[in-house]
Amino acid sequence: MPTLVRKSLGEYRRALIGWTVGLCAFLGMYISIYASMMNDPETFSKQAIAKYPGALRDLMGGMADIATGRGYLQAVAYQLLGPLLFTMCAAILGNRAIAGPEEAKTLELTLTLPIDRRRLLLERWAALALGLLAVALVTLAVATGASSAADMDVPFGSILAAHTGLFLLVLFFGTLTLCVGAAFGRKQVALAVVGVWGVAGYIVETMGKSIDAISWLRWISPVHYYLDGRPLYQGWPYGDYLVLLGATAVLLMTALLAFERRDVGV
Amino acid sequence: MTAVVETEGLTKFYGTRRGLEDLTLEIRQGEVFGYLGPNGAGKTTTIRLLLDVIRPTSGRATVLGADTRDPRVRARIGYLPGELALEGRERARDYLQFLADVRGGVSRGRIDELAERLDADLSIRMGELSKGNKQKVGLIQAFMHEPELLILDEPTSGLDPLVQQEFLAMVREARTAGHTILMSSHVLAEVEHVADRVGIVRAGRLVAVEDIAALRERAVRHVELHFDAPVPKESFEGLPGVRDVVVRGASLRCTIDGRPDALIKAAARYTVVHMVSAEPDLEEIFLTYYSEEEGRHAHAGA
């Protein structure tokens, strides 16, 4: 493994472990509630769900079949909270690539090593991607284990398809953070861009579906390519996932070009 | 002699603020070049341009014969940043090893040898290093790969006097090995004992490049002579290079610029019982330079 990738992963290690533990605890606890919920069908019967305001149901991804294994897993894990937490993790790590060290002024010495800026950025990104992949793999195992323990009856293939989407989504947001950080060198700017794009994208994709005036905005929402294919139900939405991957590649290219020509640390 | 650092019309503006303007400078192989100026004068800007951390607005610079944009050349440079930041839970030794690996390795035992000379504890986590220890780690990383060119931005800040001496010894050894050193400072006293030449930068412009030896020769010297009997003031007035003559009875005080020859010959006509000549104060010439420049600027602005 290249020196800088290894070094960056070493720097991310504690954060990675922390976020993995947090995400696993979240998945494990929320998924295990499913079993007790099944014993008390009143709470999530169709009639009970119908009492929720329509907008709230939209925001939670419909909730139409929350009493089924797939519906529950989608609503609690893959709809909102899972991507939200994992995206926060990706944004924090993405900021550690360039913007964080630049603000802390530790980047200057790294830049004066005999490494060109492209390689520096690529290796930092590779460490970010590997770190996120590790978190994704561990959480995939926990999600699979917890859902089979709770008798959810969701095949592994479906969970894998959904989890892959989750990984691609957070890789996109992590790369976005890295890219804004590489272009401007400011953590707050990067977090603001990710926050606004992510939250607005989510709202447009869920509530905006039925509002004609803004529904076209779904095309520029990364969340659209994560949610629209309903991988937990319909399997791999290859096209959507390729869009996420392609957008990530475009961001990475942008980051390389922006970082290459910028004054660092002024 | 070949130029190790060569700049031509090197200019850097931060927006409309001038960082450095029209710097043309040559630093030769095997010399110690002191780069002097007050804070904010453009020293760090110059150094960052040479290391390609920032990019020039115009002009060009080469380092060790290569364009500053060439990353490979940086393996042959040792750099100590002016604002050295070391953070995190990593131990200093591991960080140094990482830097050494990326630069293509250092000879065995070199890091320990330097740590011992500077009395640095490398087992401490970087985020917990004191300011002085951080500076020591910074010096070790700059010197450890025995680079052909050392660029040191305010290297002695935060070091106690004993470590400063050791540092100056390291600089002299590097020069003996034929390496070139560019070190910046805001006080001449820090570099005058080791530098061969000094450049003085002010408000983004290089105002003078001087040989330390020549500077010393031109230095203002305060001289005091005591005679066995009162001497007439007239005998010492109008001597070349002798100013501010004050005679009080049998003692004389004056200031000489450059050589003391004329004064000595004039004094030789009387019986000298005691003579005091202060070591030339380069700081004083340095400040004279500044105030003259300032006067000229003020004049031009009026």
Side-chain angles (χ1 to χ4, degrees), chain A residues 1-18 92-93 95-124 126-127 131 182-187 256-266, chain B residues 12-15 17 19 44-45 47-57 63-64 66 68-91 94-105 126-127 134 137-138 141-142 145 147 149 151 153:
Chain A
M1 198 186 287
T3 324
L4 212 60
V5 178
R6 203 174 57 230
K7 159 100 170 128
S8 307
L9 276 174
E11 288 169 12
Y12 297 167
R13 195 180 59 213
R14 286 168 71 86
L16 283 172
I17 293 172
I92 285 168
L93 288 177
N95 255 341
R96 290 223 184 159
I98 302 291
E102 181 165 352
E103 283 188 6
K105 302 206 178 290
T106 56
L107 186 61
E108 187 175 345
L109 198 54
T110 314
L111 271 187
T112 61
L113 292 171
I115 302 174
D116 72 51
R117 289 197 188 182
R118 281 163 196 249
R119 213 185 103 203
L120 172 73
L121 192 103
L122 275 176
E123 292 197 12
R124 292 266 173 155
F184 300 104
R186 297 277 178 273
K187 287 193 287 190
L256 284 170
L257 291 174
F259 191 53
E260 179 68 26
R261 59 189 62 194
R262 192 166 66 83
D263 290 346
V264 171
V266 291
Chain B
K12 178 67 189 178
F13 276 83
Y14 301 104
R17 189 167 63 83
T44 300
T45 296
I47 285 171
R48 286 185 172 156
L49 284 167
L50 293 180
L51 286 152
D52 196 41
V53 175
I54 57 176
R55 304 286 165 66
T57 310
V63 176
L64 293 164
T68 50
R69 297 294 289 269
D70 183 353
R72 282 167 306 177
V73 77
R74 296 200 288 266
R76 298 155 63 197
I77 301 176
Y79 170 51
L80 176 72
E83 284 176 65
L84 178 67
L86 300 172
E87 279 207 334
R89 301 176 48 80
E90 198 178 8
R91 296 187 192 281
D94 299 333
Y95 182 63
L96 288 171
Q97 196 55 55
F98 156 73
L99 294 175
D101 290 346
V102 179
R103 287 176 181 148
M126 298 229 289
K134 261 186 198 164
V137 171
Q141 64 81 26
H145 53 305
L149 171 63
I151 298 181
D153 197 356

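Only a predicted model underlies this, so the values are computations on that prediction, with no experimental measurement involved. So that the names make sense, note that chain A is the first sequence line, chain B the second, and so on, each numbered from 1.
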*Asks:* Which bit of L84(B) comes within less than 4.5 Å of chain A, counting heavy atoms only: side chain, backbone, both or neither?
*Replies:* side chain
*Asks:* Under a 4.5 Å heavy-atom cutoff, which of A85(B), G88(B), P81(B) has the most pairs with chain A?
*Replies:* A85(B)
*Asks:* Over all heavy atoms of both residues, which pair between I54(B) and V264(A) is shortest? Give the atoms and the distance, please.
*Replies:*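 Closest heavy-atom pair between I54(B) and V264(A): CG2-O, 4.0 Å.
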*Asks:* Working to the nearest 0.5 angstrom, can you tell me the gap between L109(A) CG and L86(B) CG?
*Replies:*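 Reported to 0.5 Å precision, the distance equals 7.5 Å.
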*Asks:* So which donor and acceptor atoms of chain A and chain B come within less than 3.5 Å of each other?
*Replies:*
from: K7(A); atom 1: NZ; to: E90(B); atom 2: OE1; distance (Å): 2.6
from: K7(A); atom 1: NZ; to: E90(B); atom 2: OE2; distance (Å): 3.3
from: E108(A); atom 1: OE1; to: R48(B); atom 2: NH2; distance (Å): 3.0
from: E108(A); atom 1: OE2; to: R48(B); atom 2: NE; distance (Å): 3.1
from: E108(A); atom 1: OE2; to: Y79(B); atom 2: OH; distance (Å): 2.4
from: L111(A); atom 1: O; to: R74(B); atom 2: NE; distance (Å): 3.3
from: L111(A); atom 1: O; to: R74(B); atom 2: NH2; distance (Å): 3.4
from: L113(A); atom 1: O; to: R74(B); atom 2: NE; distance (Å): 3.2
from: I115(A); atom 1: O; to: R74(B); atom 2: NH2; distance (Å): 3.1
from: R117(A); atom 1: NH2; to: D52(B); atom 2: O; distance (Å): 2.8
from: R117(A); atom 1: NH2; to: V53(B); atom 2: O; distance (Å): 3.0
from: E260(A); atom 1: O; to: R55(B); atom 2: NH1; distance (Å): 2.5
from: E260(A); atom 1: O; to: R55(B); atom 2: NH2; distance (Å): 3.3
from: D263(A); atom 1: OD1; to: K12(B); atom 2: NZ; distance (Å): 3.4
from: D263(A); atom 1: OD1; to: R55(B); atom 2: N; distance (Å): 2.7
from: D263(A); atom 1: OD2; to: K12(B); atom 2: NZ; distance (Å): 2.3
from: V264(A); atom 1: N; to: V53(B); atom 2: O; distance (Å): 3.1

*Asks:* Step through the shown structure and confirm whether more than 12 heavy atoms of other residues, nucleotides or ligands are within 6.0 Å of CZ on F184(A).
*Replies:*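 Not buried by this count: 12 neighbours or fewer within 6.0 Å.
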